[in-house]
Amino acid sequence: MAAAPIVASAGGLLVPGAAMAAPAATMRYRNKVPGGGGKTYADVIRQLRARAERPWDEWHIAKAPVETILERKEEWTGEYADVDWHGKTPPAGELPEFAASFKWRKADFEAGDWRPQGITTNRDAGRLGDKTVLMVSWDARTDRANDQGTRLSIVELQGTEPPRYWNVLLVEPFMNGNHPSYKPIVIHAGGLAWYQGLLYVTDSKSNTLRVFSVADIFNVRYGDGKDPQVSDRFGFAAGSYWARQYAYVMPQTGSYERRPGGLKFSQVSVDRTTSPHTLLVNEFKRAKRKSPQSPMERWALRQDGFLNGTSFETYAVPVGSIQGAASIRNSYYLSTSGGFGNGRLDKWTRDGGVSRLYQVPPGPEDLSYDAGRNALWSLGEYAVGDDEDNTTVNSRYVYAIKL
């Protein structure tokens, strides 16, 4: 994999319009395994690849990049469904038109252990041609899920066929003695951005952008949940590779660390309408003040998918409680939360201010622009029971809002 940039500073970014002056900044790329004796994540992944090329019965690990997973029989099936507003349907002027919407299978639609957060699509990546493939991140919400880390759903939408999806665990590589292995990653994965062959995942706990290669997904053994001695195994154990009750893992290849005092990574999206293409990140700031200011930054992307080391811009956006942000030709679309009531989709331009577009279902999260549909993909996070005062609220739909 190509070397990644080490230092980033303002200047040289070609985007529509003018940006605020950006202070000097550092985005340091880390790829060393903690306590790994100088080994990089790539070193460990190379050893995993080598074992994955051996017969399955030898190590019980096989390569399964996205293209391979999409050819396999579905693990789970969702359902196309209209968004349920739970009696809070907006007035006509604020009611969005949906280009598509679906909900997860019953167990995931209602699950208390996991909560969906980030979203990105193959339109961001510029891959897979006419297919529609989404990636959605899930936070572990209970002790029963925390030991499994962070989950990713790879979703394929194909005509009128029900959405089908595969669940993958994000993992961190390390050496278990002489054996390449991996362990769970427990983070708040509030934003996803898929560009070229890389997946960016926001980690607001450690304030990093974790980086994964979509070519390095592995199929491993998994338990059925009935035998704890088998179902609790993770990484290299008993001569095989495991991921508890999951069939797929995606190991981290590196991470970008923000300068001390810089914005906290809450969300991330790809803008393919700039030249070069750019990555947009923002920090979540609650809308408690009359004049909220949410920090946002834009970083240029290289053709290999990594960040450009010399170009970035920064903005102060006069909107609070931003859960998702996407930029399209000098316009910024922002999903903002409103507790267990309806959220909003706002539009901000640097010379025109903020305009309110639509109400959106409760618990709106990340945004991703789909140029083919001219729509914004988003999703709701709440399951039944998340709101103790209104147990009927379930906003766990995935939807594309027409622009």
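We number each residue from 1, following the sequence as shown.
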Using a 6.0 Å cut-off, check whether atom OH of Y222 has over 12 heavy atoms from anything other than its own residue.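 No, OH of Y222 has 12 or fewer neighbouring heavy atoms, counting only those of other groups under 6.0 Å.
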
Are there more than 12 heavy atoms of other residues, nucleotides or ligands under 6.0 Å from atom CG of D82?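 At most 12 heavy atoms, drawn from other residues, nucleotides or ligands, come within 6.0 Å of this atom.
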
Which residues satisfy the ring pair (Phe, Tyr, Trp, His ring centres under 6.0 Å) test with F102, sequence neighbours excluded?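 Once residues adjacent in sequence are excluded, the partners of F102 under the ring pair (Phe, Tyr, Trp, His ring centres under 6.0 Å) criterion are W104.
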
Would a 4.5 Å heavy-atom cut-off, applied to side chains only, mark V319 and T336 as touching? yes

Exactly one candidate in W85, F98, Y358 meets ring pair (Phe, Tyr, Trp, His ring centres under 6.0 Å) with Y399; the answer is F98

For the ring pair [X] and [Y], is the centre-to-centre distance below 6.0 Å?
X: Y256; Y: F265; value: no
X: Y369; Y: Y333; value: no
X: Y241; Y: F218; value: no

Does a side chain donor of either [X] or [Y] reach within less than 3.5 Å of an acceptor in the other side chain?
X: D43; Y: T40; value: yes
X: W299; Y: E297; value: yes
X: S335; Y: R344; value: no

Salt-bridge test for [X] and [Y]: reply yes if a basic N is under 4.0 Å from a carboxylate O, no otherwise.
X: R210; Y: D203; value: yes
X: E94; Y: R356; value: yes
X: R30; Y: E257; value: yes
X: K63; Y: E53; value: no

From the options R151, K103, R115, select the one residue that forms a salt bridge (Lys or Arg N to Asp or Glu O under 4.0 Å) with D108.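 Looking at R151, K103, R115, the match for D108 under the salt bridge (Lys or Arg N to Asp or Glu O under 4.0 Å) is R151.
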
Check against salt bridge (Lys or Arg N to Asp or Glu O under 4.0 Å), R298 and D271: CA-CA 9 Å; R298 181 192 292 274; D271 187 349; 3.1 Å; yes

Would you say the side-chain atoms of N122 pair up with the backbone N or O of A125, donor to acceptor, closer than 3.5 Å?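 Not a single qualifying donor-acceptor pair exists.
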
For F174, does the six-membered ring have the charged nitrogen or CZ of K183 within the cation-pi criterion, i.e. under 6.0 angstrom from the centroid and within 45° of the normal?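 Because its charged atom sits under 6.0 Å from the ring centre and within 45° of the axis, K183 does stack over F174.
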
Under the 6.0 Å and 45° cation-pi test, does R54 pair with W59? no

Evaluate side chain to side chain donor-acceptor pair (under 3.5 Å) for Q252 paired with E172, printing each intermediate quantity in order. CA-CA 5 Å; Q252 176 178 323; E172 184 175 11; 5.1 Å; no

Distance-only donor-acceptor pairs under 3.5 Å for side chains of residues 188-195, two or more places apart:
{"unit_1": "H188", "atom_1": "ND1", "unit_2": "D139", "atom_2": "OD2", "d": "2.4"}
{"unit_1": "W194", "atom_1": "NE1", "unit_2": "Q196", "atom_2": "O", "d": "3.3"}
{"unit_1": "Y195", "atom_1": "OH", "unit_2": "H277", "atom_2": "ND1", "d": "2.9"}

